[in-house]
Amino acid sequence: MPSGTTEAPEAAHPTADEAEPAAEATAQPRTARQWRPGKSLVSRRLEALALRATVPAHRQQCAKLARRLQATAGSAKRAGRIDAAVAALLADADTGSADGLLLLEAATWVVAWRQGSKHAGSTASLEATLLAEADEAEARLSDGDTAGGAFVLAASRLLQVRTGKQRSLAEASVWTACEAEIMRLVTSSGVVSLDDSAAVVSRVARWTHIRDTAAAAAKGAKAKQAFARKAEQRWKKAIAAALRLLGPGGKPVPTSDTARLPAVFGDAIVQAAARHGGKAVRKAASLLRLPSQKRPKREAGAVDLNLDDRQAAVIVLRSSWQGRPMRVLLDYRSEQPHLEVAAGSRMLLHGPWQWQVHSGRERLSAEGPWTVSHHEEDDDVTLLVIAAMLTGGLRLERHLLLGRADRVMLLADAVVDAGGDQAPTGLSYRGSLPVAAGCDVTAAAETRELTIADTKPQAMLMPLALPEWNCGHTEHTWGWQASSRAIQLEQRSPVRRLFAPVWVDLEARRFRTQVTWRQLTVADTRVILRPEQAAGFRIQAALTQWLLYRSLDEPRNRTFLGCNLSSFFRLGKAGRRRTRFTDGRMVDAFSQAPAEAADPRTARLRANLAAVRGRVADACGRAGRNPDDVRIVGVSKYVSADDTARLVDCGLRDLGESRPQLLWEKAEALASHPQTPRWHMIGHLQRNKLRRTLPLLSLLHSLDSHRLATAISEEAAKSGTSCNVLIEVNLTSDPGRTGVSFAELEPLAEAVAASSAMQLCGLMGMADRPDRPGDSPRTQFARLREARDRLQSLFAPPTTPGHVRGELSLGMSGDFEEAILEGSTMVRIGSVLWEGLLPES
């Protein structure tokens, strides 16, 4: 700067990317090459770079240089001191570290300012050193290392030794390398494919810093200040995704006490989101900036808390944008997924969520990648289940549940049989939860819960499948392994199914009080199930209770603590607030009992259905059959649509009607029911009612003539559909009964099998009344079973066109147990089911 000139006064509130021109040595018009950064701009850049330094000594160097620069009045002596400070920066700097590149960038800004002073000649050696380092950093850009991008940009734009062509080539190399890296690492949803959240935040902050440096150093030049269009869009999405990884106030969550990212990294991401994001992203950024002690604001309109990118195999769950949020990251690209759990500004779990499964002595491995098998969420709870196929026909299902309002989590593994052909053997399982560095784990004195703490308790973990009290012999183990810094859980099962849940309570006020848990029984048709079939748990902390249920075999109607469940998974809460369950939709957890108290018809119907299921199970036990092989068809011809809906609410979806008109009315009334019924036509069906009836049917039980078969085939062909049918056989000597005779059965079966519009699923029959002379019902049922077997032999193997499936629709309220003994696969239950609900005849 020429002597006798003074700098323009600073603005009251300058922004980070302002550029203040300095007075020039000549009166010629300013050009891009002649521009020099002003002292105030350089000071602000040095202060910002000081905040980015991870080494305290480097942070102090940059901050001290910024203060010295502000105090300099332009004398040669003080300029010499600044040059000495810059030389000290260069002595500590190298292009091989992030802080070294940061010091080189700081030196570049100071030297660029010094070039405009009358003592600029003394900076020649400093310029030469910076240019040599810039060349080395530029060479690394071609290898995909963008760490020196901001330094190369600053050197090419600010140091006047380079020609315009040299500057253009250097800047082009920076943008090309960054854009290629963004397109390679960032998915279309914004997920950055790096190892953990710290690496993601650091890389997104780097790209943001490069853009800011380009804008700050572009005063008077028509230079590029942003990425190419596609890369710019990906960068903006990466900004929105990185917001979900930040802690309170928008600060990065450290993975350990020794691996803390500077707070300015998070500030840069939040500021970029506020400047460049859409409306929802800007709302989230504004909420993140709120101090945690401020009164929470409504979060409506902010971008979604959760991010699920199945292409990248990464999911991020977050409880809120403000306060002390819980945050979970699960990266399941590898066989041992990476897990992060953070509460507020503390990382609690960080590292590989490991598993081992042995079948006998054989260690099983994953046969393919993890895939998402279930994902649901509402305002309070998010449930994610990922699954991987294992050798030996088993499947490992990993559960991750986040309860936002309650500040609880569930981390669980389930091993289920996926239909393997190996002989049944026992299983042994070992799971390992990685505890973040800087956290300690302590065990309770007499019980099995573990507490994760830093300066104070942060989370409590409970192994629900193990007994609460740490006494007595158990084949399961659970505890903290200090050598591996992991919490390990080992369980064994005598069969090929196992459930290993860990409950995590993140509300310190709650687990400072009494905490307990119990494994509860689950019943099926009045039979208590083994834990390997279905598991239920109760967790209590202070006055709050949660109920957890998981089915390990095929989901079916089960009883758990007075509730009837038909799903594979449920979680409920009981406390001062409303009790809720989750399994595809949120409903009251214990609403069934109060609702049935107010509606005695539902209570009676549920009891009747349970009794029928019990009798079916007893009959199957006598016949050596599985109760799952017998389907109950509830005959609803006696009752209204409201009672029919009650039956579906109780868990029975197969409904039978004998009159088409009633079927039409009830199908319309129950069309919007959450559990869509499967309609069965069990009575005679006239040909003139086919058009309206066939689209509603799951199965027609009463095909009884060639004329009806032809009409069904023609009507189904017109609509482009197929109809599942059973041939009704007259089991008695009464010619007035509907159904074909045994002599007519085979020709009709051949006609049905030849039609592409019908699928012959089996046979249906109805025994004669016990008071009439003739064969017993069981004898009649046996004859139909034998006829079914003959038909199947005619159309074997199953790949043969027209193959007959083996359904037998036999048995009603008075004789269904005898029908089950003779092989019935469907029983049509009416009067017994509605006992006590129908008017007295």
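In what follows, every heavy atom counts, from backbone to side chain, and hydrogens, waters and symmetry copies are set aside. Heads up: numbering here begins at 1 and tracks the sequence.
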Smallest separation among heavy atoms of [X] and [Y], with atom names:
{"X": "Ala414", "Y": "Leu552", "answer": "CB-CD2, 4.1 Å"}
{"X": "Arg625", "Y": "Ile820", "answer": "NH1-O, 3.0 Å"}
{"X": "Val522", "Y": "Ala535", "answer": "CG2-C, 4.1 Å"}
{"X": "Ala412", "Y": "Phe499", "answer": "CB-CE1, 3.8 Å"}
{"X": "Ile682", "Y": "Met764", "answer": "O-CE, 3.7 Å"}
{"X": "Tyr429", "Y": "Ala500", "answer": "CE2-CB, 3.5 Å"}

- Message: Suppose we screen for ring-ring contact (aromatic ring centres under 6.0 Å, His included). Which residues come up paired with Trp517, at least two apart in sequence or across chains?
- Response: none
Strictly distance-based, threshold 3.5 Å: is any side-chain N or O of [X] a donor or acceptor partner for the main-chain N or O of [Y]?
{"X": "Asp815", "Y": "Met812", "value": "yes"}
{"X": "Arg398", "Y": "Ile386", "value": "no"}
{"X": "Asp304", "Y": "Asn306", "value": "no"}
{"X": "Ser493", "Y": "Leu427", "value": "no"}
{"X": "Ser713", "Y": "Ala709", "value": "no"}
{"X": "Ser702", "Y": "Gly683", "value": "yes"}
{"X": "His680", "Y": "Ser698", "value": "no"}
{"X": "Ser824", "Y": "Gly811", "value": "no"}
{"X": "Asp704", "Y": "Glu728", "value": "no"}
{"X": "Trp834", "Y": "Val635", "value": "yes"}

- Before giving the answer on ring pair (Phe, Tyr, Trp, His ring centres under 6.0 Å), spell out for His374 and Phe569 the whole-Å C-alpha distance, their side-chain angles and the decisive distance to 0.1 Å. CA-CA 10 Å; His374 188 86; Phe569 179 94; 8.0 Å; no
Neighbour count above 12 (heavy atom, 6.0 Å) for [X] [atom1]:
{"X": "Arg707", "atom1": "CZ", "answer": "no"}
{"X": "Arg653", "atom1": "CZ", "answer": "yes"}
{"X": "Glu668", "atom1": "CD", "answer": "no"}
{"X": "Gln686", "atom1": "CD", "answer": "yes"}

- Query: What's the verdict on salt bridge (Lys or Arg N to Asp or Glu O under 4.0 Å) for Arg404 and Asp380, showing C-alpha distance, side-chain angles and the deciding distance?
  - Reply: CA-CA 5 Å; Arg404 298 184 185 87; Asp380 294 334; over 6 Å; no
- Message: Tell me every residue that passes side-chain hydrogen bond (donor to acceptor under 3.5 Å, both in side chains) with Glu657, counting only those two or more places apart in sequence or in another chain.
- Response: Ser636, Lys666
- Pairing residues for Thr732 by the side-chain hydrogen bond (donor to acceptor under 3.5 Å, both in side chains) criterion, not counting sequence neighbours: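 For Thr732 the side-chain hydrogen bond (donor to acceptor under 3.5 Å, both in side chains) partners, ignoring immediate neighbours, are Asn730.
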Please tell me if the side chains of [X] and [Y] come closer than 4.5 Å, counting only heavy atoms from C-beta onward.
{"X": "Gln519", "Y": "Leu464", "result": "no"}
{"X": "Gln780", "Y": "Leu784", "result": "no"}
{"X": "Leu655", "Y": "Leu647", "result": "yes"}
{"X": "His399", "Y": "Pro501", "result": "no"}
{"X": "Leu699", "Y": "Met826", "result": "yes"}

- Query: side chain to side chain donor-acceptor pair (under 3.5 Å) between Thr516 and Glu468: does it pass, once the steps are laid out?
  - Reply: CA-CA 7 Å; Thr516 185; Glu468 176 190 7; 2.8 Å; yes
- Message: We want to know whether Asp649 and Thr602 form a side-chain donor-acceptor pair, criterion being a heavy-atom distance below 3.5 angstrom.
- Response: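 No, no side-chain donor-acceptor contact under 3.5 Å.
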- Between CG on residue Asp553 and CZ on residue Arg496, distance to nearest 0.5 Å: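 So the CG of Asp553 and the CZ of Arg496 are separated by 14.0 Å.
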